[in-house]
K.L.:
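Okay, here's the structure, questions in a sec.
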Amino acid sequence: MKKLTALLSVIAMLLLAACGGNQGASTSTGSGDGDEKVIEMWHIETGEREALFEEVAKQFEEENDGVKVKLLQAPNDAYKQKLAVSMSGGNPPDIFQSWGGGWLKHFVDQGNVEDITANVDQDHYLEMALNNGTFDDKVYGVPMGLSLDVIFYNKEIFEKYNLEEPKTYEEFTNVIKTLNENDVTPLALTNKTKWPGAYYLMNFASRIGGPDLFESAFNREGRGFDDPAYVQAGEYIQELVEMDAFNKGFNGIPYDEGRGRQLMYSGQAAMMDMTISFLNNVREEAPDFEEKLGFFVFPTIPGGEGNQTQVGGATGPVWSVASESEHPELAAEFIKALTTKETSQKFTDRTGTLTAVKGVVPKDDFVKEFYEVAQNASHIQMPYDQTLPPELAELHKDTTQALFGLSMTPEEAAKKMEAKAEELLE
Amino acid sequence: METAEVTRRSNTARVMAGTKKRNVRKAVTIGLFTAPALIVYLVYVVYPILSTLSYSFYSWDGTSDKTFIGFDNYIQLFNDTIFWTSLTNNVWVVLTSVFVQIPLGMIMALMLFAPIRGIRLFSSVYFLPFLMSTVAIGLLWVYMFDPINGIINQLVNVLGFENVAWLSDDNTAMIAILLVVVWQFSPFYMILFKAAMVGIAEELYESAQIDGANSWQKFFHITLPLLMPTIVSSSILAIVGSLKAFDIFYIMTGGGPNHATELMGTYMFKQAFINFNMGYASAIAFIMFLIALVVTVLIQVVDYNRKKKGAF
């Protein structure tokens with residue numbers, strides 16, 4: 001018995017030693033290839049976008065001897081969490097994707113993001129887009145794509161009921177009434193995810209209070225989130241809800257799974273306020289639908305300060321270098337490679353979205369229309385939830401969802417926002 | 001005489017020293033044998049609980065420096081209406097688990113013992129929901145609850161009612177998810193009860209039969225009392241599980257709309273990973289732990305007293 005135990009322990013120790021040995025070996029091979037510099041990049045894109053990144057990475061590896069680019073994709077929500085954990089664990093990737101604004105600033109404030117002002121040519125990018133990754137005049141993130149928020153509609157349905165693209169709120173509500181009379185859902189909305197509904201609040205607020213309203217409230221320069229314009233925006237939203245302008249149960253339907261888009265494709269709904277990435281979805285999911293697809297810019301509000309040259313938009317992906325990176329110079333080089341004019345042209349042509357790089361005209365006719373809107377825009381409003389600090393952003397989306405659900409009054413929502421803003425922004 | 005006394009004394013001393021030595025050696029042996037489990041337990045259970053407690057006294061966003069703020073997180077927590085909503089929702093989950101899931105599980109187990117043809121098929125059918133992953137169940141039911149084209153609303157339409165926006169309405173969302181929770185977990189208790197029922201001696205029923213007991217009497221005087229230990233352990237599982245509930249709610253509503261289905265777990269997640277309030281989230285986590293601990297201890301005490309009275 002004793003012998004057996006001894007034997008067993010010897011075997012166990014050998015096994016342990018073997019494991020340890022293995023580990024040692026693997027680390028030594030890792031450092032053995034020490035000349036090879038590895039750049040790790042995390043992103044959330046799929047399909048054509050991901051394919052484009054891979055092409056750029058391959059080219060970059062060919063041009064720079066001994067450099068390897070590792071791309072890692074994760075879905076949106078998981079990505080955000082993964083990145084936050086890796087940042088706090090002190091083990092972030094060299095390059096990471098964001099949308100600029102408050103979320104990126106959060107990491108900048110913690111000293112986790114490299115200042116790349118010296119590495120990039122600021123004139124290369126659209127100023128409005130670059131601002132989203134620039135804090136205190138230092139560039140921390142470089143924008144690649146630019147997206148707009150417009151109202152898409154089904155041309156066939158509009159023709160059938162003799163409807164025209166509405167320019168004012170009154171025309172808009174008339175369209176909604178006509179559609180309702182004919183048993184067509186006027187607006188498809190998927191608000192479980194909360195950001196699709198937030199576009200209405202942002203658009204209404206900008207049309208009522210003018211495009212400077214948000215900047216003023218955010219920078220604490222006179223106006224606040226309890227501005228009458230925000231209360232009114234909430235009232236307009238609730239008016240639309242009471243008018244049955246949206247499909248039933250919108251607060252429980254997520255966007256990504258595509259049931260909202262399905263309502264558009266099947267003709268059950270006639271309009272949808274969405275970012276221009278919807279075009280890419282149409283091309284992938286229901287190519288036949290594209291010929292019926294039209295869009296217009298959010299209508300004006302009577303007596304409001306805003307007009308139709310002010311549109312909602314967003315930057316993304318925005319690329320940043322982590323300050324923990326071992327090869328920050330190389331990482332910045334790779335970011336530049338991702339946003340060259342040439343790559344940007346491919347980006348816009350292959351993914352149906354706009355780019356944040358100057359002088360890139362899309363070849364595609366539909367995308368060209370978006371391009372015109374962006375070119376003529378006097379102001380592009382970045383989404384609040386990307387600009388505000390995370391906690392306030394979440395409250396903004398929560399209160400807006402509650403407004404849509406008629407479970408909170410506009411005054412209450414505005415007051416809550418202002419109280420939190422006072423706490424976090426001042 | 002004296003020498004004899006001395007030797008005897010030294011003998012006792014030696015014997016005592018011997019036992020002491022043996023005791024120490026025993027303790028070492030026991031310690032060594034339990035060490036692997038104990039180390040894992042300390043590192044992965046005790047240490048995290050204690051570090052959660054320590055984080056909860058700080059204002060910390062997860063990356064930058066921590067600032068000690070004493071009990072501020074807890075004060076804020078007890079004034080936070082959303083936290084109280086989530087706690088109430090957790091209580092609802094606990095109540096449905098204990099008073100719907102467990103009885104339902106027992107009824108299903110009883111049915112499996114009933115002399116009905118083809119009942120064995122049902123034992124597999126009943127058990128199926130428990131075998132599916134929670135994420136899959138969540139997504140499946142989200143589609144079934146779809147406010148426009150979902151199968152449940154089609155059924156509601158056939159019955160002549162208007163569509164119900166199950167998961168989108170503050171009033172129905174909780175009920176809808178609880179339904180899914182019951183559907184998913186009842187089979188688990190069914191299996192527990194089935195196992196316990198197999199263990200009840202047949203003779204008891206036979207003698208009851210001879211004494212002229214009917215089925216109800218047999219159930220209330222034999223089956224139910226003998227199932228008591230299983231009911232107690234099921235209740236502990238149900239209560240602790242419900243307090244920690246997270247996944248199905250996160251998938252089906254994410255705690256929405258307007259926090260109508262917010263649980264302590266989902267609220268903690270939001271505070272930690274969306275709002276980056278690690279300290280505050282740790283405070284929520286520790287309160288969750290405390291509640292679960294207190295409830296478990298309470299049940300154990302009640303059960304201990306019950307056993308002391310001579311019940312099974």
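Reminder, nothing fancy here: chain letters follow the sequence lines and each chain counts from 1.
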K.L.:
Sort out for me which of Asp170(B), Val164(B), Ile274(B), Val142(B) touches chain A most, counting heavy-atom pairs under 4.5 Å.
P.N.:
Ile274(B)

K.L.:
Is the backbone N or O of Ala270(A) less than 3.5 Å from a side-chain atom of Asn154(A), with the two atoms forming a donor-acceptor pair by type?
P.N.:
no

K.L.:
Measure distances from Met278(B) to the heavy atoms of chain A and classify the residue's part below 4.5 Å as side chain, backbone, both or neither.
P.N.:
neither

K.L.:
Applying the side chain to side chain contact (heavy atoms under 4.5 Å, CB included) test to Phe404(A), which of Leu201(A), Leu240(A), Val241(A) qualifies?
P.N.:
Val241(A)

K.L.:
So which residue, Thr253(B), Asn163(B), Asn258(B), ends up with the most heavy-atom pairs under 4.5 Å with chain A?
P.N.:
Asn258(B)

K.L.:
Where the side chain of Asn180(A) meets the backbone of Asp244(A), is there a donor-acceptor pair that is under 3.5 Å apart?
P.N.:
yes

K.L.:
Measure Gln268(A) against the heavy atoms of chain B and call it side chain, backbone, both or neither at under 4.5 Å.
P.N.:
side chain

K.L.:
Using the ring pair (Phe, Tyr, Trp, His ring centres under 6.0 Å) criterion, which residues pair with Tyr55(B)? Sequence neighbours excluded.
P.N.:
Trp60(B)

K.L.:
Over 60° means perpendicular and under 30° means parallel, so tell me whether Phe78(B) and Trp84(B) are parallel, tilted or perpendicular.
P.N.:
tilted

K.L.:
Within 45° of the ring axis of Trp99(A) and under 6.0 Å from its six-membered ring centre, is that where the NZ or CZ of Lys80(A) lies?
P.N.:
yes

K.L.:
Should the pair Lys415(A)-Glu412(A) be classified as a salt bridge under the 4.0 Å nitrogen-to-oxygen rule?
P.N.:
no

K.L.:
Under 4.5 Å from any heavy atom of chain A, what part of Asn153(B) do you find: side chain, backbone, both or neither?
P.N.:
neither

K.L.:
Need one label for Leu406(A): side chain, backbone, both or neither, based on atoms under 4.5 Å from any heavy atom in chain B.
P.N.:
neither

K.L.:
Do the ring planes of Tyr199(A) and Trp195(A) sit parallel (below 30°), tilted (30 to 60°) or perpendicular (above 60°)?
P.N.:
perpendicular

K.L.:
When Leu179(A) is tested against each of Thr185(A), Leu187(A), Ile157(A) for side chain to side chain contact (heavy atoms under 4.5 Å, CB included), which residue passes?
P.N.:
Ile157(A)

K.L.:
For Phe152(A), give me all partners under ring pair (Phe, Tyr, Trp, His ring centres under 6.0 Å), at least two apart in sequence or on another chain.
P.N.:
Phe278(A)

K.L.:
Which members of residues 388-403 of chain A, sorted by number, sit under 4.5 angstrom from chain B on a heavy-atom basis?
P.N.:
Pro390(A), Glu391(A), Glu394(A), Asp398(A), Gln401(A), Ala402(A)

K.L.:
So, does Asn91(A) use its side chain to make a donor-acceptor pair with the main chain of Met87(A) at under 3.5 Å?
P.N.:
no

K.L.:
Please classify the contact of Lys192(A) with chain B as side chain, backbone, both or neither, using a heavy-atom distance under 4.5 Å.
P.N.:
side chain

K.L.:
Considering only heavy atoms, which portion of Phe269(B) lies under 4.5 Å from any heavy atom of chain A: side chain, backbone, both, or neither?
P.N.:
side chain

K.L.:
Do you know which of Trp166(B), Phe145(B), Tyr143(B) has the most heavy-atom pairs with chain A at a distance under 4.5 angstrom?
P.N.:
Tyr143(B)

K.L.:
Do the side-chain N and O atoms of Ser323(A) and Asn112(A) include a donor-acceptor pair separated by under 3.5 angstrom?
P.N.:
no

K.L.:
Donor-acceptor check, side chain of Thr261(B) to backbone of Pro257(B), threshold 3.5 angstrom: yes or no?
P.N.:
no

K.L.:
For Asn171(B), does its backbone N or O pair with a side-chain atom of Asp169(B) as donor and acceptor, under 3.5 Å?
P.N.:
yes

K.L.:
Using heavy atoms and a sub-4.5 Å threshold, report which of residues 101-109 of chain A line up against chain B, by residue number.
P.N.:
Trp103(A), His106(A), Phe107(A)

